[in-house]
Asker: 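Dumping the structure here so I can ask a few things about it.
Bear in mind that the values here come from a model prediction, so they are computed numbers and not experimental data. Chain A is the first sequence line, chain B the second, and so forth, proteins listed ahead of strands; every chain is numbered from 1.
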Amino acid sequence: MTTIPPAETRGGRRDNLPARYFSEGGEICSMTVRTRFAPSPTGYMHIGGMRTALFNWLWARHNHGQFILRIDDTDEQRNLQEALGPILDAFRWLGLDWDEGPEIGGHHGPYFQSQRRHLYDAALRQLLDAGSAYRDFELPVDTQAQREAAEKDKSVYISSRASLQLTAAQVATYLADGRSCVIRLLIPRNEKVVMNDHIRGTVEFDCGLMPDPVIARNDGSPLYNFATVVDDAEMEITHVIRAEEHLSNTPIQILLHRALGNRTPEWAHVPYVASPGSKEKMSKRKIDKYRTSPQFQKLFELADQVLSRIGIDSKPNALSPVMVAYYRQVGFLPAGVLNALVRLGWSLDDQTEFLSLTEMKQKFTLDRVIKSAAGLDPDKLLSFQSHWMSELPAKEKLSGCLWMLKQAHLIHDEDDQETQAKVARVIELAADRLRVFGDIFQLDEFFVADDELKLDDKNFQKRVVKSEHAVVLLHDLRGRLSDLAIFTAEPLHELLQSFAAEKQVKIGDLFPTLRLCVTGKVQGADLFGSLELLGKTCVLSRLQRAIGHAESQRMI
RNA sequence: GGCUCCAUCGUCUAGUUAGGUCUAGGACAUCGGGUUUUCAUCCCGGUAACAGGGGUUCAAAUCCCCUUGGAGUCACCA
């Protein structure tokens, strides 16, 4: 049995130009690093795929190389624009640019597999001519039967290779008769493929256990493994960084590269992103299960709250936390999402948590990617959000909130100076309560009409309706407030404090009750600042309305 | 089931390549205390982990073997 040595010890370019990166085997490679992300156009960008893309982007940028976007649409008939749009949008939103790919082209185009057929055809001819691949006329049902028989038998299924017994004349006849066949790669059964993965180290596969994979259909159209290999080679990809689920495809791809005479790229199989609290790969199909998961709940609740405001019903799962667009709609910051993603499976050291994209770019290395799958943690994601929101310039906070409020029809003209000034003031009051832009809705009391303010009924019953003195007290307080000449935070603070002392009521009772009547909630932004911003007229009117409410309910 | 990968606090992770101040560090969450005579912040502190079993060694989270558990993948999908 012969063993194929790891890729980097075979062939390839070796010269003494300045080093750009070091391969796993320590070989100095002078080629510019080129990484790629090759999504199939599915109509949405998966959050886990986004992390894989991020790692690819980071590695390319870290090495001053190129990041390529290639669209794996060999099997897609759908509307490409519709299917690709959300993917490109996700990249743009997060600020991950691509050097070659859709919309911008490049020297290795086209960047859609559906348009690269000539390359696959040529490679296929080469393999067939060299005898590395063969036409397999076996009927699919027969192949399937053998597979099942092997399974029943508890033995390993490998291809029958019956078609290999055919003479050239027979093959010609079959072809002339129009008999259907597929092209399979001839696996060298007495070999082992040894790969040296940047993340996993040495991984071995025994070729004797592998069926001959189909690389092209009867019509010559290429299958994934084949198209990928042809493209990766033609596009001069130096590092294939992809999700762990592709690990088992790798021996086939290595064999294909060898048969084609390519320099094999370096491999890095990153663990997939698991769903919160589990080790299972996050999947769009499991959304309903996630919705009830205690670890995931917080994220759903936050999103449902925000999305319902802006007219998106997230229940049908058209938008879910598996998709990048979800975070954007809820008002997450690119910096926060990026930071959470990079720390999932990668760390710089034992301390660093916060990294900007620029810092990631400088510090990211493949050798610090962890091997095991990691679950996305909504709590930690939110804490990253808080951090990056606090770093965000006021102007950008403002525009993010204006967008949200506009979507929810809580403001009408986002360009209006007065509106902007008010929203800016609310943002100041919100302070660190604002983790995502959607949190601005927690302070919606500043944007609704007095007679449309909803009161937290449970607390209203407890604190006002069922309280002995509340109504009287509130009535008194309203009088004092109406006498207050300068309706700003400081005098309000003083007035409320002395009022509480005079009436001998606890501040812990009075303040929340007042807040409830005026904002509808028992919790919120700084009380005095809120009163000031609402203004005297509004405060008095809301207080009056609350008192009226309580009185009418008490009479019943 | 075959093949392959993985395994440190509840979670994300540092430490494993070169065994030794690791009585295992940090962050998030959680709990307690303090500041803010409201809320949130902020500050201080606490609880909390090397999956199990064998070896090797003066010494193992770290090296070796086995067991267990988890995951990925087994298409004329990508």
Side-chain angles (χ1 to χ4, degrees), chain A residues 38-42 72-76 113 136 140 143-144 147 150-157 180-184 197 199-201 203-206 209-211 213-219 221-225 227-228 243-251 269 271-272 274 276-281 294-295 298 340 343-354 367-368 370-384 386 390 429-434 442 493 496-497 500-501 506-515 519 521-528 530:
Chain A
S40 75
T42 51
D72 280 13
D73 59 348
T74 50
D75 198 47
E76 299 293 327
Q113 288 192 326
D136 181 15
T143 306
Q144 184 58 28
R147 219 182 270 277
E151 195 174 328
K152 204 173 161 190
D153 211 37
K154 287 190 174 150
S155 63
V156 179
Y157 166 76
S180 185
C181 71
V182 290
I183 315 289
R184 289 186 189 272
D197 192 280
I199 295 163
R200 267 144 232 290
V203 183
E204 274 188 33
F205 294 90
D206 186 347
L209 271 22
M210 292 183 224
V214 174
I215 56 174
R217 302 183 180 92
N218 188 48
D219 63 359
S221 60
L223 261 55
Y224 168 73
N225 276 318
T228 294
E244 186 188 350
E245 65 212 63
H246 285 288
L247 196 55
S248 54
N249 284 323
T250 311
H269 286 91
Y272 46 83
S278 88
K279 292 286 178 199
E280 279 176 40
K281 188 168 74 174
Q295 293 91 342
K298 194 179 247 177
R343 281 291 289 105
L344 215 56
W346 179 84
S347 66
L348 176 64
D349 51 35
D350 61 341
Q351 299 284 321
T352 311
E353 293 289 343
F354 302 122
D367 62 344
R368 291 202 61 87
I370 199 100
K371 292 172 173 177
S372 54
L376 180 76
D377 181 358
D379 280 320
K380 193 137 184 176
L381 172 61
L382 244 14
S383 103
F384 280 123
S386 292
S390 73
L429 277 175
D432 40 13
R433 289 172 190 80
L434 194 75
Q442 284 171 20
H493 192 166
L496 285 163
Q497 222 165 286
K506 276 189 267 178
I507 276 172
D509 283 333
L510 179 70
F511 286 14
T513 305
L514 172 61
R515 182 196 291 280
T519 71
K521 311 172 188 84
V522 286
Q523 291 190 344
D526 173 73
L527 180 60
F528 319 110
S530 296

Asker: Between Cys181(A) and Ala374(A), name the one whose nearest nucleotide on RNA chain B is closer to the 5' end.
Answerer: Ala374(A)
Asker: Between C1' on U11(B) and CD on Gln295(A), what's the gap in Å once rounded to a whole number?
Answerer: 9 Å
Asker: Between P on U37(B) and CG on Asp509(A), what's the gap in Å once rounded to a whole number?
Answerer: 18 Å
Asker: Determine the contact category for Asn225(A): base if any of its heavy atoms lies under 4.0 Å from a base atom, sugar-phosphate if only primed atoms, P, OP1 or OP2 are that close, otherwise nothing.
Answerer: nothing
Asker: Are Thr228(A) and Asn225(A) linked by a side-chain donor-acceptor pair shorter than 3.5 Å?
Answerer: no
Asker: Should the ring pair Phe528(A) and Phe511(A) be called parallel, tilted or perpendicular, given that the plane angle runs from 0 to 90° and is split at 30 and 60?
Answerer: perpendicular
Asker: On the side chain of Glu151(A), is there an atom forming a donor-acceptor pair with the base of G2(B) - under 3.5 Å, no angle test?
Answerer: no
Asker: Applying a 4.0 Å non-hydrogen cut-off, can you work out what Arg200(A) is touching in the nucleic acid: base, sugar-phosphate, or nothing?
Answerer: sugar-phosphate
Asker: Counting any heavy atom closer than 4.0 Å, what does Ile370(A) reach on the DNA or RNA strands: base, sugar-phosphate only, or nothing?
Answerer: sugar-phosphate
Asker: Using atom P in both nucleotides, what's the gap between A18(B) and G2(B) to the nearest angstrom?
Answerer: 33 Å
Asker: Can you check whether Pro213(A) reaches Arg184(A) side chain to side chain, under 4.5 Å on heavy atoms?
Answerer: no
Asker: How long is the line joining CG of Leu348(A) and C1' of A14(B), in whole Å?
Answerer: 11 Å
Asker: Strictly below 4.0 Å: does Lys279(A) bring a side-chain N or O up to OP1 or OP2 of C12(B)?
Answerer: yes
Asker: With hydrogens left out and only the distance checked, is there a donor-acceptor pair under 3.5 Å joining Glu245(A)'s side chain and the base of U73(B)?
Answerer: no
Asker: Considering every strand and a 4.0 Å limit on heavy-atom distances, what is the contact class for Phe205(A): base, sugar-phosphate, or nothing?
Answerer: sugar-phosphate
Asker: Take atom C1' in G54(B) and the same atom in U47(B), then report the distance between them in whole Å.
Answerer: 33 Å
Asker: Would you indicate what Val214(A) reaches in the nucleic acid, counting non-hydrogen atoms under 4.0 angstrom: base, sugar-phosphate, or nothing?
Answerer: sugar-phosphate
Asker: Taking G46(B) as the reference, what is the distance to A40(B) when you measure between their P atoms (whole Å, please)?
Answerer: 23 Å
Asker: How far, in whole Å, is A29(B) from C42(B) if one measures between their P atoms?
Answerer: 9 Å
Asker: When rounded to the nearest Å, what value does the distance between C1' atoms of G32(B) and G72(B) take?
Answerer: 43 Å
Asker: Look at the side-chain N and O atoms of Arg368(A) and state whether any lies under 4.0 Å from the OP1 or OP2 oxygen of G15(B).
Answerer: yes
Asker: Work out how far the P atom of C50(B) is from that of C9(B), and round it to whole angstrom.
Answerer: 7 Å
Asker: Tell me what Asp526(A) touches on the nucleic acid: a base, only sugar-phosphate, or nothing, going by heavy atoms under 4.0 Å.
Answerer: base
Asker: In terms of side-chain heavy atoms, does Ser221(A) have a donor or acceptor partner in Arg217(A) at a distance below 3.5 Å?
Answerer: yes
Asker: Tell me what Gly375(A) touches on the nucleic acid: a base, only sugar-phosphate, or nothing, going by heavy atoms under 4.0 Å.
Answerer: sugar-phosphate
Asker: Please work out if Glu280(A) contacts a base, only the sugar-phosphate, or nothing of the nucleic acid, heavy-atom cut-off 4.0 Å.
Answerer: sugar-phosphate
Asker: Could you state the CZ-P distance from Arg217(A) to C76(B), rounded to the nearest angstrom?
Answerer: 10 Å
Asker: Across the strands shown, which category fits His246(A) at heavy-atom distances under 4.0 angstrom: base, sugar-phosphate, nothing?
Answerer: base
Asker: Counting the atoms with a prime plus P, OP1 and OP2 as sugar-phosphate, which does Lys521(A) contact under 4.0 Å by heavy atoms, base, sugar-phosphate, or nothing?
Answerer: nothing
Asker: By the 4.0 Å heavy-atom rule, please label Leu527(A) as base, sugar-phosphate, or nothing.
Answerer: base
Asker: Will you find, in the side chains of Asp72(A) and Gln113(A), an N or O donor that is under 3.5 Å from an N or O acceptor?
Answerer: yes
Asker: So, is Thr74(A) close to the A78(B) phosphate, meaning a side-chain N or O under 4.0 Å from OP1 or OP2?
Answerer: yes
Asker: Once you apply a heavy-atom cut-off of 4.0 Å, does Arg515(A) come out as touching a base, just sugar-phosphate, or nothing?
Answerer: base
Asker: Decide yes or no for Glu245(A) and Pro271(A): does some side-chain heavy atom of the first lie under 4.5 Å from some side-chain heavy atom of the second?
Answerer: no
Asker: Looking only at heavy atoms, which two atoms of Leu382(A) and Lys298(A) are closest? And how far apart?
Answerer: CD2-CD, 4.0 Å
Asker: Take atom C1' in U68(B) and the same atom in U21(B), then report the distance between them in whole Å.
Answerer: 34 Å
Asker: Using the P atom on both, measure C44(B) against G53(B) and round to a whole Å.
Answerer: 39 Å
